[in-house]
Student: 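One structure, as structure tokens, below. Some questions next.
Computed from a predicted structure; not experimentally measured. Residue numbers begin at 1 in each chain, while the letters A, B, ... track the order of the sequences. Because only heavy atoms are used, hydrogens play no part in the values below, and waters and symmetry mates are left out as well, while side chains stay in.
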Amino acid sequence: MALQLYDSFSRSPKPLTPSHADGVYRFYNCGPTVYSAAHLGNFRTFVVNDLIRRLLELDLGADKVRHVRNLTDVDDKTIRRAREEGRSLTDVTAEWTAKFHADCASLGCLPPHIEPAATTHITEQVNMIEVLMQKGNAYRAADGSVYFKVSSFDGYGALSRVKERKLRLGSALEAGNTGTKDTTSVDSDEKEDGTDFALWKAWKPEDGDVKWDGPNGASAGRPGWHIECSAMSKKHLGDTIDLHTGGVDLLFPHHENEIAQSECCNGTAFAHHWYHSEHLLVDGKKMSKSLGNLYTLDQLNEMGHTPMALRYALLVGHPRKQLNFTLESLSSAVKALTTLRNFRTALGDQSGALASFAPVFSSLHDDLNTPGALGALFSLVNRDPSGIDAATFDRVLFALGLDLTPPEAPPVAIPAEVTALAEKRWAAKQAKDWPAADALRAEITSAGWTMKDRKDGYDLEPAKA
RNA sequence: GGCGCGGUCGCCAAGUGGUAAGGCCGGGCUCUGCAAAAGCUCUAUCGGCGGUUCGAUUCCGCCCCGCGCCUCCA
């Protein structure tokens with residue numbers, strides 16, 4: 001069964017099959033803006049995309065997948081951050097790019113084959129803007145910026161179905177939906193129409209030394225956000241790509257704008273398939289920087305949560321359904337991972353029936369039904385391991401990106417007095433002095449530690465809350 | 001106001017026109033001097049009201065509740 005994914009454009013599931021003669025599947029995934037640490041919500045999307053990447057590799061072969069994920073390293077936020085910290089833009093974005101890479105690696109995400117950055121593709125973007133200007137799809141405003149003329153593209157709104165946005169904007173304002181919006185980054189008032197969006201932003205004093213020569217007739221400045229994806233996608237994957245993905249919040253306006261730019265410039269269909277993963281919620285609300293209800297991987301790691309537990313917790317929800325993240329889901333994940341690990345160990349290198357895992361793979365192939373796949377997996381794990389094929393189990397683990405290597409025990413300092421109590425208890429136990437041993441165990445427990453006996457010794461762990 | 005998504009066991013979460021996978025927690029058991037770990041095992045009629053149907057949690061309508069997007073946003 002070929003991998004089927006819901007297509008946001010046609011609003012129906014569609015198989016992922018290469019459309020180019022070389023059989024290489026072209027996959028573009030909108031990446032992060034590198035100005036601070038990405039949060040778990042962001043990583044949900046990247047983990048889901050990693051799943052797509054892995055399944056494609058399994059289905060088509062690793063050499064038949066070209067996965068591109070961009071880095072937005074110039075925009076209002078990156079520039080503001082650099083200014084606030086008195087650093088160069090490059091210095092700031094390099095730091096957060098490295099952090100992003102480290103976080104992705106810890107979560108077991110395969111690196112994309114190509115990771116283009118906006119600032120190293122200025123020429124491509126400028127060229128594209130010039131074509132759009134020549135074709136009458138873009139215009140230079142009085143301030144030297146360049147805008148895309150939405151009314152010049154009939155297909156505008158087909159993805160997000162907001163064709164009459166302009167008319168309805170009034171309603172939105174009345175409904176009070178713009179009260180908390182950050183208006184500092186809104187395009188200038190130089191636009192001919194409210195729905196037009198910036199392709200090129202003329203330099204402003206607060207941009208400091210961040211500027212490049214603009215398209216013909218435009219001022220020096222920097223590219224607008226949307227154009228980078230159109231330009232980099234075109235350069236690395238061609239005019240028409242097989243799949244374009246991102247979080248649901250990118251559906252409008254980002255992806256709508258990308259379609260407009262690319263199709264007007266290239267004169268061909270931009271993407272055959274659009275896929276959007278849903279948001280991660282915290283306390284029922286979207287995890288976001290503006291709400292301040294986010295968790296970064298560092299925060300979670302400091303609390304003692306392993307990256308694999310995080311990945312598992314993200315996999316528990318269907319990618320196209322909002323998932324309410326809780327710390328409790330992490331302890332649940334740790335247990336589940338342990339069960340899987342024990343089962344895998346019991347398997348050794350035995351071979352067995354390959355078909356056992358069919359339900360797992362078919363769930364995965366059916367629109368990335370990770371909860372269904374996990375359910376099917378545990379149905380197997382709950383049975384006798386005999387007859388289970390270890391290599392196929394490993395394929396499942398690869399597909400899910402789960403690394404079952406036992407997490408290293410977090411280095412916790414054991415108080416000397418607790419160690420002393422444990423030693424005394426161990427001695428008492430050896431002497432079969434049960435009353436003394438029990439009394440000492442009670443002392444250790446009240447000190448907040450758990451003493452776990454093994455045949456040849458013992459372990460001390462902080463008592464669970 | 002427009003567009004979209006969701007409401008299934010204490011928590012999380014699949015699924016199907018024919019009477020509900022799975023994970024966590026909790027209960028019971030086995031093992032272990034105790035404890036832990038590990039293994040086994042038990043627990044739902046699917047937001048509300050109508051409709052279609054031999055039969056609906058699954059289809060349709062209405063209602064209630066929650067979330068997201070409507071140019072910062074994974």
Student: For G41(A), answer base if it contacts any base atom (sugar-phosphate contacts may also be present), sugar-phosphate if it contacts only those atoms, and nothing otherwise; contact means non-hydrogen atoms under 4.0 Å.
Tutor: base

Student: Is there a donor and acceptor pair, one atom on the side chain of R320(A) and one on the base of G68(B), closer than 3.5 Å?
Tutor: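 Check fails, no donor-acceptor contact within cut-off.
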
Student: Quick one: the side chain of D438(A) and the base of G33(B), do they pair up donor-acceptor inside 3.5 Å?
Tutor: yes

Student: Testing I388(A), L340(A), N342(A) for side chain to side chain contact (heavy atoms under 4.5 Å, CB included) with V381(A), which one passes?
Tutor: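 Only one of I388(A), L340(A), N342(A) forms a side chain to side chain contact (heavy atoms under 4.5 Å, CB included) with V381(A), namely L340(A).
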
Student: Hey, does the side-chain of D249(A) have a donor or acceptor N/O within less than 3.5 Å of a partner on the base of C72(B)?
Tutor: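 No such pair is found, so the answer is no.
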
Student: Which part of the nucleic acid does S8(A) contact within heavy-atom distance under 4.0 Å: base, sugar-phosphate only, or nothing?
Tutor: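 If one applies the 4.0 Å heavy-atom cut-off, S8(A) turns out to touch nothing in the nucleic acid.
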
Student: Please measure how far the P atom in C65(B) lies from the corresponding atom in G23(B), and state the result in whole Å.
Tutor: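 Looking at atom P only, C65(B) and G23(B) are 35 Å apart.
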
Student: Hey, does N49(A) reach any base, or is it just sugar-phosphate, or nothing, if we go heavy atoms under 4.0 Å?
Tutor: nothing

Student: So what does H318(A) touch, heavy atoms closer than 4.0 Å: a base, only the sugar-phosphate, or nothing?
Tutor: sugar-phosphate

Student: If you go through the side-chain atoms of K286(A), does one of them form a donor-acceptor pair with the base of C73(B) closer than 3.5 Å?
Tutor: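 Between C73(B) and K286(A), which were checked side chain against base, a qualifying N/O pair under 3.5 Å is present.
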
Student: Report which part of the nucleic acid L280(A) touches: base, sugar-phosphate, or nothing (heavy-atom distance under 4.0 Å, all strands).
Tutor: base

Student: Under 4.0 angstrom, heavy atoms only, what part of the nucleic acid is K432(A) near: base, sugar-phosphate, or nothing?
Tutor: nothing

Student: Suppose you measure atom C1' in G4(B) against the same atom in A20(B); what distance do you get, rounded to whole Å?
Tutor: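 Straight-line distance between the two C1' atoms is 28 Å.
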
Student: For a quick check of understanding: with a heavy-atom distance under 4.0 Å over all strands, which category does S329(A) fall into, base, sugar-phosphate or nothing?
Tutor: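 Nothing, no nucleic acid heavy atom in range.
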
Student: Looking for any heavy atom pair under 4.0 Å, which part of the strands does K77(A) touch: base, sugar-phosphate only, or nothing?
Tutor: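 Touches sugar-phosphate only.
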
Student: Give a yes/no verdict on base stacking between G22(B) and F378(A): centres under 5.5 Å, planes within less than 30° of parallel.
Tutor: no

Student: Establish, with yes or no, whether the OP1 or OP2 oxygen of A14(B) is under 4.0 angstrom from a side-chain nitrogen or oxygen of K321(A).
Tutor: yes

Student: Write down the distance between CD (Q322(A)) and C1' (G66(B)), rounded to a whole number of angstrom.
Tutor: 9 Å

Student: Could you state the atom-to-atom distance from CG of D459(A) to P of A38(B) in whole Å?
Tutor: 13 Å

Student: Mind checking the P distance from A44(B) to G39(B)? Whole angstroms is fine.
Tutor: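 Their P atoms lie roughly 24 Å apart.
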
Student: Mind checking whether H244(A) and H276(A) have ring centres under 6.0 Å apart?
Tutor: no

Student: Quick one: label G375(A) by what it contacts on the DNA or RNA (base, sugar-phosphate, nothing), any heavy atom closer than 4.0 Å.
Tutor: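 Base: the residue G375(A), judged by heavy atoms under 4.0 Å, touches a nucleobase.
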
Student: Assign D75(A) to base, sugar-phosphate, or nothing according to its heavy-atom contacts below 4.0 angstrom with the strands shown.
Tutor: nothing

Student: I want to know whether Y139(A) and F148(A) have ring centres closer than 6.0 Å.
Tutor: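 Aromatic pair excluded; centres sit 6.0 Å or further apart.
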
Student: If only atom types and distance count, is the side chain of R311(A) paired as donor or acceptor with the main-chain N or O of L107(A) below 3.5 Å?
Tutor: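 It does hold such a pair.
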
Student: Under 4.0 Å: is that the gap between some side-chain N or O of R425(A) and OP1 or OP2 of A35(B)?
Tutor: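 Result: no.
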
Student: Look at the side chain of R441(A) against the base of A35(B) and say whether a donor-acceptor pair falls under 3.5 Å; ignore hydrogens and angles.
Tutor: yes

Student: Considering only the P atoms, how many Å lie between G27(B) and U19(B), rounded to the nearest integer?
Tutor: 33 Å

